[in-house]
Amino acid sequence: MEIADELKEIDEKLINELHQITKDQVEYWDIRASVNLGTNLDFTDQRSKEVSSYKITDCGIRTFINGGWGFCVLKDLNRVTIKNGFQKAIKLAKLSESLSKYKFKIIEQDPMIQHFKINSKKDLEEIDIGEKIKLVIDHEKIASQYSPKIKNTHTLYLDAHTQNIFLNSFNSNIFQDLSFLRLFSLAYAQENGILQRSINSVAGVGGYEITETEKAKTLSSKTAKEAVELLKAKSPIGGKFTIIMDPILTGTFVHESFGHAVEADHILNKESILEGRLGEKIAIEEVNIIDNPTMSQSKKFNLPYELFGCYFIDDEGIPSQKTIIVEKGILKNYLHSLETSSRMNELPNGHGRASSSSSRPQVRMGFTYLEPQDWSLEEMIEEVKDGILCEDFQYGYTDPTTGNFQFKCKLSHQIVNGEKKQLMRDVALSGMTLEILNKITAIGDQNTYNYSDGLCGKGGQSVRVCDGGPYIRIENVTVGGLN
Amino acid sequence: MDDLNIFTLAKYGLDLINKKNSNIKCSEIFFGQNKYVNIEIEENSIKNSEIGEDNGVSIRVINNKGSLGFAFTNRLEKKSIEKMINIAVKMMNVGTDNPDFKDLPFSYKTYPDVDDLFDKDLKNLQLEDSLLYVEDLIKICEEDAMAISQTANFISNYSKTYIYNSNELEISGKETNCSLSSHIIVKDKVSKETSFGSEWQTERMLKNLDPERIVLNALDDAKRNLNRKKIRNMKVPIILTPKGTISLILRPIAAAVNGETFQYKRSFLVDKRGETLGSEYLNIEDNGLIAGATGSSVFDGEGVPCRNKKIFEKGKFLRNGLLHNSFTAGKEGVESTGNASRNSYSTIPSIGITNFVMKTGDIPLEEIIKGIKEGIVLDYTGDSPNISTGDFSGLILHGNLIKNGEIKEPLNETMVGINLIDLFQKIDAVSEEFSVYGVFRAPYVRIKSVNIIGGGN
């Protein structure tokens, strides 16, 4: 696809003018401009609720002087509005600077001049809207016909094609052409006055091929099956149990409870249980935690598209890279944006990310996971006398200052004397992050390793992320329940 | 773009749609204009100053068989509107029939007068003047011996909305909003323990913002949660603070009486209309007409006048206690309740609350607590109940033990589990005090006895 007209406005001449406007005025600046085209399809009970299409332009101009940032957001992209936006942003940075207590410089990086394009096998624009609708209706049919107990189905299809430009005062000039697709399936099952639901999704960076994998094709039948199974599930009895977390929950734990605590903005804001603890042993020796949002990891999972949480560069022009967070139980690195790395005198590691061009980059994770070890799932279960095998998650949250977390699991099985038993619903796990990292008694092998994806919210912004790991076993975990 | 230009564009668009396709039953053009200022504080220091604007238009077309097409863009030129109309019609043509669709709203003769939705001072607010509000936050936090950090922000917002539809509905209105939020970390110098506390305020009028109250409440909140203890399992009365009342009563009921959720039978209140489900203290209404309140409006996201609706009265879930937009109202054969919600031009109308209010009682909080020998205060949980079943089990992120009528130590790793209907029945006292958090107005509420699972067994 050709470069969008709106982005062509940002040519050599304008770039030179921007360097002139900002010269001797600010210490750092960047601009992100994007043109986004997308389709949203929202169906319930095989009827369309929303069939929509959009074109949105978006631009954010960021300026920096000695500890103070200015940010100007505009939607109308042309030479005049962009130059005016710079003038406003310069004023804003001056204002922030005049009142900020913490003075620092942004450490200069090598310029990056590059074009990135996602190689989608089936371009979104080439797929007729009728075909996309047929896909959604087919999923609706599969879910609703799965069982007479399925009373209500909901399928959501979202795709987006974005072209964006990044320029900064280090002379970086990056153009990206990316596309994304997400497909959600929800099913509600009902029997004897009991109502249960399940939700699943597939998502990726790429084209329409994302809908054609085995995982995508079985999405709605899996969802319907789970909703029906949950009807027979028991509510848990509260207490302390040995827990086995599946890869999705392990990933959630590594991201939600632990990962946010290594985001360097939280460290600087004294809001993290890991402040000042680099180099310390914080987990048992078998624990290795990585964040690696580089492209091409989907091959490990035999997927024809890129993982949803992966990217070429972050939103500050820093290439994505593998960062070792914990090695053999020792805390090695925090995740950084340009600002936090400059202030903590570290190298930036590509975690300055924003939800769109009109939002300011924050420190965010990409693909965070726990490395596998050598236990099989059977071995883990065998040794458990009274425990719960927890699978898939509904939601979770963490108190960053203490590490107290709670996760609500989707499907769980009781384990009695080494055997998987009765299905349970709404099992709520609670614990203290650093205690859990030291109470792990088994980490699964490569065969048990998997990942999941979604959007992660922070400071009002949502970004694409993945997390994962193997099955893990933890002793003495508090489980909440209605009984 | 001024009013006249938008009017001309809208008329042009509606005419064009009309000529397009004889199958079109009705159509709507929605313009949204928005301007904002945002000042962010990190590490108790000003970090970022931001301004921005977002203007856009969306086209909604529905054919005789109820199929809906929707398109939006932030390019407000004739050419791009023509393009969007073509796309919306194309979308309509590929969508499915929906016999439940009746019509878009017709024009209304009168709209309610709601005071204080627009503040001229706020519309004209310069960034420099906004700084006054955050400077207070910083200063008070700085002077506190236990506070070690604060994240906070001030946001002001001016928006103007124009709705035109083919049923001759034409309405426009402007509103302002401003908000202050403070999130503070405190540290106990002896135990070295840290804790966070938060407070926020949203107002239509700038003069009502109270930075001092916000930061002091956030500090109190943080300090009240220092040096937490794990407790044993127990079955005791709990007091919901206004934040707790919002999490466990108002927010779940708001979701459960949403017309769409209800019609799809995804609500735990389905089949319970007209039944008395709670104690006499459960009185709830959705009131879009409170002067100066952030949830108030003259008209909703489809141009329907806002009003006040009773949802629960003395524990009884009222037969007409559902919230509707024009679609769900049409499906049920009733009038829209003026609850079409639309955050911006980029979304089709869903259903949302206006101001969701739980009626206060007539005894002071102090008296409610006094009678409790052993109990729990629940202030904040990150969990929300399952709306389809009404089941709730969650971690108390901020809560305290009550002993002999006094609020004592904060709780660690403590979970609570209850079904909402059970909770509604067990409400045995409601305070005369209440707090406003955005669109919610909530008192303190006492629940007779609830299962608590402690981490200290």
Side-chain angles (χ1 to χ4, degrees), chain A residues 44 46-48 50-57 68-76 88 92-93 95-96 99-102 129-130 133 137 151-152 188 190 194-197 235 238-240 265 268-271 358 360 397 399-402 404 406 408 426 428 430-432 478 480-482, chain B residues 42-56 67-75 87 90-92 94-98 127-128 131 148-149 151 185 194-196 228 233 264-266 346 348 382-383 386 388-389 391 393-395 397 412-413 415 417-419 451 453 455 457:
Chain A
T44 293
Q46 299 174 50
R47 280 186 190 160
S48 56
E50 177 176 355
V51 178
S52 73
S53 177
Y54 62 87
K55 178 179 180 178
I56 294 290
T57 53
W69 291 97
F71 191 53
C72 179
V73 171
L74 46 105
K75 301 282 170 167
D76 198 6
K88 286 179 192 163
L92 294 172
L95 202 66
S96 296
L99 292 161
S100 68
K101 277 187 289 192
Y102 300 96
I129 181 78
I133 285 180
I137 292 180
K151 298 295 179 203
N152 186 215
Y188 289 77
Q190 200 171 19
I194 295 171
L195 184 66
Q196 286 296 317
R197 69 159 207 182
S235 290
K240 292 242 178 189
D265 53 346
L268 287 169
N269 206 32
K270 301 183 177 67
E271 204 174 351
S358 51
R360 230 159 57 88
Y397 54 88
D399 176 345
T401 55
T402 60
N404 196 180
Q406 158 134 327
K408 196 63 74 71
D426 294 331
S430 169
M432 309 301 284
T478 309
L482 289 172
Chain B
E42 278 174 30
E43 302 161 65
N44 205 33
S45 166
I46 289 193
K47 173 60 70 71
N48 178 49
S49 311
E50 176 176 344
I51 54 171
E53 52 184 55
D54 186 7
N55 306 326
S67 173
L68 182 147
F70 187 69
F72 60 92
T73 180
N74 52 10
R75 310 224 63 159
I87 291 174
K90 188 177 163 193
M91 296 288 145
M92 176 190 78
V94 292
T96 57
D97 296 352
N98 195 342
L127 196 93
E128 289 82 349
L131 291 168
I148 56 168
S149 188
T151 309
I185 318 286
T194 56
S195 170
F196 77 88
R228 286 167 297 268
N233 292 355
Y264 287 136
K265 300 195 187 309
R266 295 168 184 165
S346 64
I348 60 167
D383 275 276
N386 181 330
S388 346
T389 60
D391 284 347
S393 83
L395 176 68
L397 274 182
N412 216 0
E413 235 183 284
M415 308 225 244
I418 191 165
N419 184 279
N451 273 325
I453 299 143
N457 295 295

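Order of the sequence lines sets the chain letters (A, B, ...), proteins ahead of strands, with each chain counted from 1.
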A:Ser52 (side chain) donor-acceptor with B:Ala71 (main chain) under 3.5 angstrom
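No: the side chain of A:Ser52 does not pair with the backbone of B:Ala71.
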Without swapping roles, check the side chain of A:Ser430 against the backbone of A:Gln406 for a donor-acceptor pair under 3.5 Å.
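Such a contact is absent between A:Ser430 side chain and A:Gln406 backbone.
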Kindly give the heavy-atom pair with the smallest separation between [X] and [Y], and that separation in Å.
X	Y	answer
B:Thr73	A:Lys55	OG1-O, 3.0 Å
A:Ser100	B:Ile46	CB-O, 3.2 Å
B:Ser195	A:Thr401	CA-OG1, 3.8 Å

All side-chain contact (heavy atoms from CB on, under 4.5 Å) counterparts of B:Asn48, not counting sequence neighbours
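Counting only residues at least two positions away or on another chain, B:Asn48 forms a side-chain contact (heavy atoms from CB on, under 4.5 Å) with A:Trp69, A:Phe71, A:Arg360, B:Glu40, B:Glu50.
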Run the side-chain contact (heavy atoms from CB on, under 4.5 Å) test against A:Thr402 and tell me which residues pass, sequence neighbours left out.
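For A:Thr402, the residues satisfying side-chain contact (heavy atoms from CB on, under 4.5 Å) (neighbours in sequence not counted) are A:Asp399, A:Asn404, A:Met432, B:Arg228.
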[X], part contacting chain B, at a heavy-atom distance under 4.5 Å:
X	result
A:Asn152	side chain
A:Ile137	side chain
A:Gln196	side chain
A:Tyr102	both
A:Ile133	side chain
A:Leu268	both
A:Lys101	both

Salt-bridge criterion met for A:Lys408 and A:Asp426 (N-O under 4.0 Å):
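Salt bridge flag = no for A:Asp426 with A:Lys408.
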Between [X] and chain A, which part of the residue has a heavy atom less than 4.5 Å away: side chain, backbone, both or neither?
X	answer
B:Ile51	both
B:Asp97	backbone
B:Arg266	both
B:Leu395	both

Say whether A:Asn269 and B:Thr151, considering side chains only, have a donor N or O and an acceptor N or O under 3.5 Å apart.
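The answer is yes; a qualifying pair exists.
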Among the listed options B:Lys265, B:Arg75, B:Lys90, B:Met92, the residue most often paired with chain A at heavy-atom distances under 4.5 Å
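Among the listed options, the one with the most contacts to chain A is B:Arg75.
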Which one wins on heavy-atom pair count under 4.5 Å against chain A: B:Ser149, B:Gly382, B:Gly52?
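Of the candidates given, the most pairs with chain A belong to B:Gly382.
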Counting heavy-atom pairs closer than 4.5 Å to chain B, which one of A:Thr478, A:Leu74, A:Leu92 comes out on top?
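Greatest number of close heavy-atom pairs with chain B: A:Leu92.
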Most contacts with chain B, counted as non-hydrogen pairs under 4.5 angstrom, among A:Arg197, A:Gln46, A:Glu271, A:Arg47
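It is A:Arg47.
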